[in-house]
Amino acid sequence: RLFSAHCEAVCGLYRGRRSMKKTILKGAAMLLGGVLLGTLLMIAAYAIPSETVWENVRVSAQTLANEGLRYEAIDGYHASRLDDFTDAIMIGNAVLTTEDPVESAMTARHFAGGETIGTLMRYLDGEDVPTESYARYWHGYLAALKPLLMVMNLNSIRVLNMYAQLALVLWTAALMVRRGLSRHVLALFAAYASLCPVAVMQSLQYSTAFYVAFGAMAVLLWTDGRMNDALFFMAVGMLTSFVDFLTYPIATLGLPLAARMALRQKQEKPCGLADFVKICLSWGIGYAGMWSGKWLMAALLTGQNVFAEAGSAMGNRLGAVDDSGVELALTTGVQENLRIMFNPLTVLMLLGVLAVCALLWLRVGGRPDVKRHGPYLLCALLPIAWYMALLNHSAEHAFFTYRTLCVTIFAAVSMAIPTGKAET
């Protein structure tokens, strides 16, 4: 009997190693395929003639010029500030092309200088303006944005965003109910509200991470979690790197991760520390691997030393000084982002959510299951770790990086919601 048990253990270990080896090989193939596919998509986007989008870009640029660089979707509500500076870069990239789409796709030149909207307007008026390489990002959003600009301008895209984002949130909520996680809908809407949806709908820059984060949650719930976690989260990290600037990318890890935890608990297979680390590591490999893949492809196809450019920018964003040279404390980024996120309106919303949670506890009774809360707590701390790691970026761009805290809100509300016999 002892020998038989020993043989079963050895066989299980062997199968586990074989499974891990297969996952690693699949992950490597997926990363390589993603880099090649991303390169082809970018070349295809830049192959679209700029003349086909010129008029809609002009109308879009005028919209941005009318709003200005510090435009707030809700006047006086700082959490609703748009990033029209970056939106001008994104729209401008749709018309800044050379005769060689490969070079254009890999270098992704944008207007030099600090006033992107005015420079874009001057370029559209025929003025010769300086440009510079922005090769360290994929700019994968152009694969969707440029075809859209062929048929509509920024105002129409904002309307489209409104309907698409609302539909995605409602679909995710419906899938939660279908999977027996109806009480987590409260956490979903709290996280969504904390993003300031009226600003996200109007901003190209804010929309990329939103679609990846909520889309990943929807796919995870739709498949009922019947996927390889490592490969799925690696793919999410890759997609985030492809389409997103450095906005609030941790949301694309934290929100699907929290949804995965909820599914696992419903299936009586709670996520442990090892699962948490594996998923975070998989997402990180996909995110960093896809990003560095762009640098490699740009270097191979253009001869440009993108690694040096990217390394310099990364060193700046990881630094402990702001853009004016003032030294930052380790907690400065955390404090700035908390200050913007927890404004009076968000606090009022969260108090209402907690009141609903309290009513649910009165109905259900019982005590919180501390064992189930451990993974959620780790998930809630992900934004704090991110702010401390990217200190300069988090402090300088808190007006949009505060949205990363939607992960903390989702996890915290999930901990506050009673589960078990009352789950429907």
Side-chain angles (χ1 to χ4, degrees), residues 71-84 86-87 90 141 157-173 176 184-218 221 236 239-240 243-259 333-334 336-354 379-380 382-384 386-387 393-394 397-414:
Y71 175 73
E72 294 172 348
I74 304 173
D75 190 34
Y77 184 54
H78 300 318
S80 71
R81 177 182 164 186
L82 303 188
D83 187 6
D84 282 354
T86 305
D87 278 10
M90 298 170 75
Y141 54 84
I157 292 173
R158 286 173 170 177
V159 175
L160 180 64
N161 255 345
M162 177 180 68
Y163 289 120
Q165 291 177 13
L166 283 173
L168 182 55
V169 173
L170 291 173
W171 184 42
T172 306
M176 281 186 167
H184 288 272
V185 172
L186 188 62
L188 177 73
F189 282 112
Y192 175 58
S194 72
L195 295 173
C196 190
V198 68
V200 178
M201 292 173 182
Q202 296 186 60
S203 176
L204 302 175
Q205 149 92 326
Y206 303 159
S207 294
T208 52
F210 174 89
Y211 282 118
V212 177
F214 282 81
M217 290 179 74
L221 292 163
V236 173
L239 183 58
T240 304
V243 301
D244 189 46
F245 283 106
L246 208 57
T247 53
Y248 48 106
I250 284 297
T252 71
L253 165 63
L255 290 180
L257 176 54
V334 177
E336 285 298 304
N337 283 271
L338 288 173
R339 178 181 62 82
I340 296 177
M341 169 60 86
F342 294 105
N343 55 75
L345 289 179
T346 304
V347 171
L348 185 63
M349 179 271 294
L350 290 175
L351 288 174
V353 169
L354 291 176
C379 197
L382 282 174
I384 307 302
W386 182 264
Y387 292 148
H393 186 264
S394 301
H397 300 97
F399 71 94
F400 64 76
T401 60
Y402 80 87
R403 290 180 171 85
T404 306
L405 288 165
C406 70
V407 176
T408 304
I409 289 175
F410 187 98
V413 176
S414 294

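Residue indices begin at 1 and follow the sequence shown. All of these numbers come straight from a predicted model, not from anything done at the bench.
In this structure the side chain of L253 reaches within 4.5 angstrom of the side chain of L382, judged on heavy atoms. Side-chain atoms of T86 and T247, non-hydrogen and from C-beta on, never get closer than 4.5 Å to each other. A 4.5 Å side-chain heavy-atom check between F189 and V353 finds every atom pair outside the cut-off. Looking at heavy atoms from C-beta onward, N343 lies out of side-chain contact with H78 at the 4.5 angstrom threshold. For the pair F210/Y248, a side-chain contact is recorded, criterion being any heavy-atom separation below 4.5 Å from C-beta on. Side-chain contact between V212 and T208 is absent, with no heavy atoms from C-beta onward closer than 4.5 Å. Taking the side chain as every heavy atom from C-beta outward, F400 and I340 never approach each other to under 4.5 Å.
To the nearest 0.5 Å, atom CD1 of residue I250 and atom CG of residue L257 are 10.0 Å apart. Between the OH atom in Y387 and the CD atom in E336 there is a gap of 11.0 Å [rounded to 0.5 Å]. The line from CG of L188 to OG of S414 is 9.5 Å long, rounded to the nearest 0.5 Å. Rounding to the nearest 0.5 Å places OG1 of T252 at 8.5 Å from CG of L239. Note that the CE atom of M217 and the CH2 atom of W171 stand 12.0 Å from one another [nearest 0.5 Å].
The nearest pair of heavy atoms linking G254 to V407 is CA-CG1, 3.6 Å. Considering every non-hydrogen atom in both V413 and A190, the closest pair reads CG2-CB, 4.2 Å. Summarising the geometry of S207 relative to N161, their closest heavy-atom pair is OG-ND2, 3.2 Å, with the distance given to 0.1 Å. Of all heavy-atom pairs spanning M341 and C406, the tightest one is CE-N, 4.0 Å.
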Which atom pairs, one a donor and one an acceptor, fall under 3.5 Å between side chains of residues 194-206 and the rest of the protein, sequence neighbours left out?
| from | atom 1 | to | atom 2 | distance (Å) |
| --- | --- | --- | --- | --- |
| S194 | OG | A191 | O | 2.6 |
| Q202 | NE2 | V198 | O | 3.2 |
| S203 | OG | Q205 | N | 3.4 |
| S203 | OG | Y206 | N | 3.2 |
| Q205 | NE2 | D83 | OD2 | 2.9 |
| Y206 | OH | R81 | O | 2.8 |
| Y206 | OH | D83 | N | 3.3 |

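Aromatic ring pairs are classed by plane angle as parallel below 30°, tilted from 30° to 60° and perpendicular above 60°; the pair H184 and F410 is parallel.
Looking at V169, L170, L168 one by one, the single match for side-chain contact (heavy atoms from CB on, under 4.5 Å) with T172 turns out to be L168.
The side-chain hydrogen bond (donor to acceptor under 3.5 Å, both in side chains) pairs that include a residue from residues 401-411 are N337-T401, where partners are two or more places apart or lie in different chains.
When the side-chain hydrogen bond (donor to acceptor under 3.5 Å, both in side chains) test is applied to S394, no partner is found at least two apart in sequence or on another chain.
Donor-acceptor pairing under 3.5 Å is lacking for the side chains of Y211 and D244.
Looking only at distances, a side-chain donor or acceptor of S80 sits under 3.5 Å from a matching main-chain atom of I74.
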